[in-house]
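One structure below.
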Protein chains: 2
Amino acid sequence: MVSKGSLAAAMRDPEKTRMRILGAAYDLVYKEGFRSTSVNDIVMKAGVTQGAFFHHFPTKNDLGYALVDEVLKDMMMERWTKPLAAYKNPVQGMIARFRKNMDDLSDEEIRSGCPLNNLMQEMSSIDPVFREKLRGVLLAWMEETERYLKKAEAEGYLRPGVDLKKASQFIVTAEVGSSGVMKNLLDRTVYYSLYESFRRYMESMSAVEILLEV
Amino acid sequence: MVSKGSLAAAMRDPEKTRMRILGAAYDLVYKEGFRSTSVNDIVMKAGVTQGAFFHHFPTKNDLGYALVDEVLKDMMMERWTKPLAAYKNPVQGMIARFRKNMDDLSDEEIRSGCPLNNLMQEMSSIDPVFREKLRGVLLAWMEETERYLKKAEAEGYLRPGVDLKKASQFIVTAEVGSSGVMKNLLDRTVYYSLYESFRRYMESMSAVEILLEV
DNA sequence: AGCCCAACATAGTGACCACTATGTTCGTCT
DNA sequence: AGACGAACATAGTGGTCACTATGTTGGGCT
């Protein structure tokens with residue numbers, strides 16, 4: 001009776017099938033773009049049939065929307081805002097994280113760019129539903145950044161008079177823009193250069209000396 | 001014999017035909033993206049036949065390359081670096097131009113984003129020829145920016161110790177990133193916010209008080 | 001045990017795509 | 001004046017696309 005159980009586990013598991021599709025789609029869309037990725041590419045990579053695909057997602061666009069809601073948002077928050085909780089001084093955390101996210105990137109990830117930025121530039125102007133969902137991710141990123149700036153302010157790490165909303169919008173713009181520029185230039189020295197400028201900008205609003213352990 | 005001449009003017013003019021194709025293609029690619037724009041879309045908008053198109057451009061990709069080399073590059077320089085020549089203080093010029101380029105944008109242009117950024121995010125990772133050509137535009141933009149920073153430094157407008165190359169890379173990244181973020185958010189108040197942060201960053205490297213006439 | 005429906009699998013289908021094969025026309029050059 | 005080639009125009013062509021019509025199968029529920 002062993003075989004039945006172990007085989008059956010892989011057979012009818014709709015939630016797992018859906019996740020396999022989403023996972024395969026995320027990789028392909030990240031690397032090739034949404035329009036350039038065909039449903040066939042996705043089902044081949046996921047190891048399922050087109051029938052399974054269209055059973056779970058009525059249209060290709062619906063898959064794209066699910067990608068943003070269920071995969072992309074967590075991905076971005078996991079990378080950019082969640083790690084800030086580990087730092088006593090959020091300003092120092094943002095500087096350190098900008099650097100770390102850059103150092104951790106593989107060559108292929110640099111070539112592929114920022115998954116949020118990719119989709120924003122490709123889909124925002126041609127599909128209002130995509131834009132709304134991507135806008136939600138971008139705003140959440142900015143709001144979380146602002147929340148950590150507020151925390152920094154409350155604990156005396158910020159100079160008085162800094163407009164936290166404006167600063168958080170600029171911070172996210174710099175982070176997104178850096179990934180976008182790097183995707184084209186493919187030159188890590190430029191990334192180090194952008195990091196140092198970013199650090200200078202962050203330090204200009206800091207009330208304390210920033211010491212970074214390397 | 002009047003008819004012959006006036007009609008003939010529009011008939012066999014290869015240079016004009018080529019330009020009509022490039023102009024129509026630029027608009028469509030700018031708004032819809034390169035992959036989403038079909039050759040048929042382009043020839044319809046240009047008012048020429050597919051035969052004419054493929055006579056002037058062997059493949060659709062070749063048209064894309066010509067777009068970058070012959071249209072996009074001039075477009076970007078005309079908008080971002082050429083106007084800096086009119087300012088005595090280039091730092092002030094960059095601040096003023098960031099603002100002016102934003103104010104001059106129509107709603108549709110905001111929705112369409114930065115034409116260079118659009119193509120970079122869409123094509124850089126999937127076509128090396130595109131990447132090289134786009135890279136040329138981006139580097140030219142950065143180098144021109146650096147040239148104006150050098151001019152500013154020579155005339156005493158910059159604080160000592162500013163790394164001009166790093167600063168120019170960050171400036172262009174902020175300009176590109178702002179257009180990219182705006183394309184999604186469609187909210188001019190965010191643009192004003194980004195402008196003020198950009199201005200603060202520029203002022204942090206300035207040796208003089210910046211006075212902007214509104 | 002048998003029924004039923006979600007969860008797939010298979011095999012198309014029309015639309016659109018970049019591109020081509022081939023024909024025609026006009027200006028130029030001798 | 002006649003030839004000739006660049007500058008088009010017309011009508012396809014194979015391939016790919018998102019999507020669908022129609023089966024089949026397995027597990028849960030009575």
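Within every chain, numbering begins at 1; the chains are lettered A, B, ... in the order of the sequence lines, protein sequences first and strands thereafter.
Distances shown here put every side-chain N or O of H55(B) at or beyond 4.0 Å from the OP1 or OP2 atom of dC8(D). The phosphate of dC8(C) has OP1 or OP2 within less than 4.0 Å of a side-chain N or O from T17(A).
What separates CZ of R20(A) from P of dA7(C) is a distance of 16 Å, to the nearest Å. In this structure, K16(B) atom NZ and dC8(D) atom C1' are separated by 15 Å, rounded to whole Å. In this entry the distance linking CG of D13(A) with C1' of dG28(D) reads 15 Å, nearest Å. Atom CZ in R18(B) sits roughly 11 Å away from atom P in dA7(D) (whole-Å rounding). Atom CZ of F57(B) is separated from atom C1' of dA7(D) by 14 Å (rounded to the nearest Å).
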Sugar-phosphate means primed atoms, P, OP1 and OP2; the rest is base. With that split, encode nucleotides 9-22 of chain C 5' to 3' as B, S or - using protein heavy atoms under 4.0 Å.
BB------SSBB--
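Residues F54(A) and V39(A) meet the side-chain proximity criterion, which asks for heavy atoms closer than 4.5 Å.
In summary, E143(A) and R147(A) do not engage in a salt bridge, as defined by a charged side-chain N under 4.0 Å from a carboxylate O. We find that K31(A) and E108(A) are joined by a salt bridge, their nearest charged nitrogen and carboxylate oxygen being less than 4.0 Å apart.
Under the ring-ring contact (aromatic ring centres under 6.0 Å, His included) criterion, F170(A) pairs with Y201(A), sequence neighbours left out.
For residues 66-75 of chain A, the set of pairs meeting the side chain to side chain donor-acceptor pair (under 3.5 Å) definition, not counting sequence neighbours, comprises R18(A)-E70(A), D69(A)-K133(A).
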Just do the side chain to side chain contact (heavy atoms under 4.5 Å, CB included) check on S178(A) and Y195(A) with the steps written out, would you?
CA-CA 9 Å; S178(A) 296; Y195(A) 161 72; over 6 Å; no
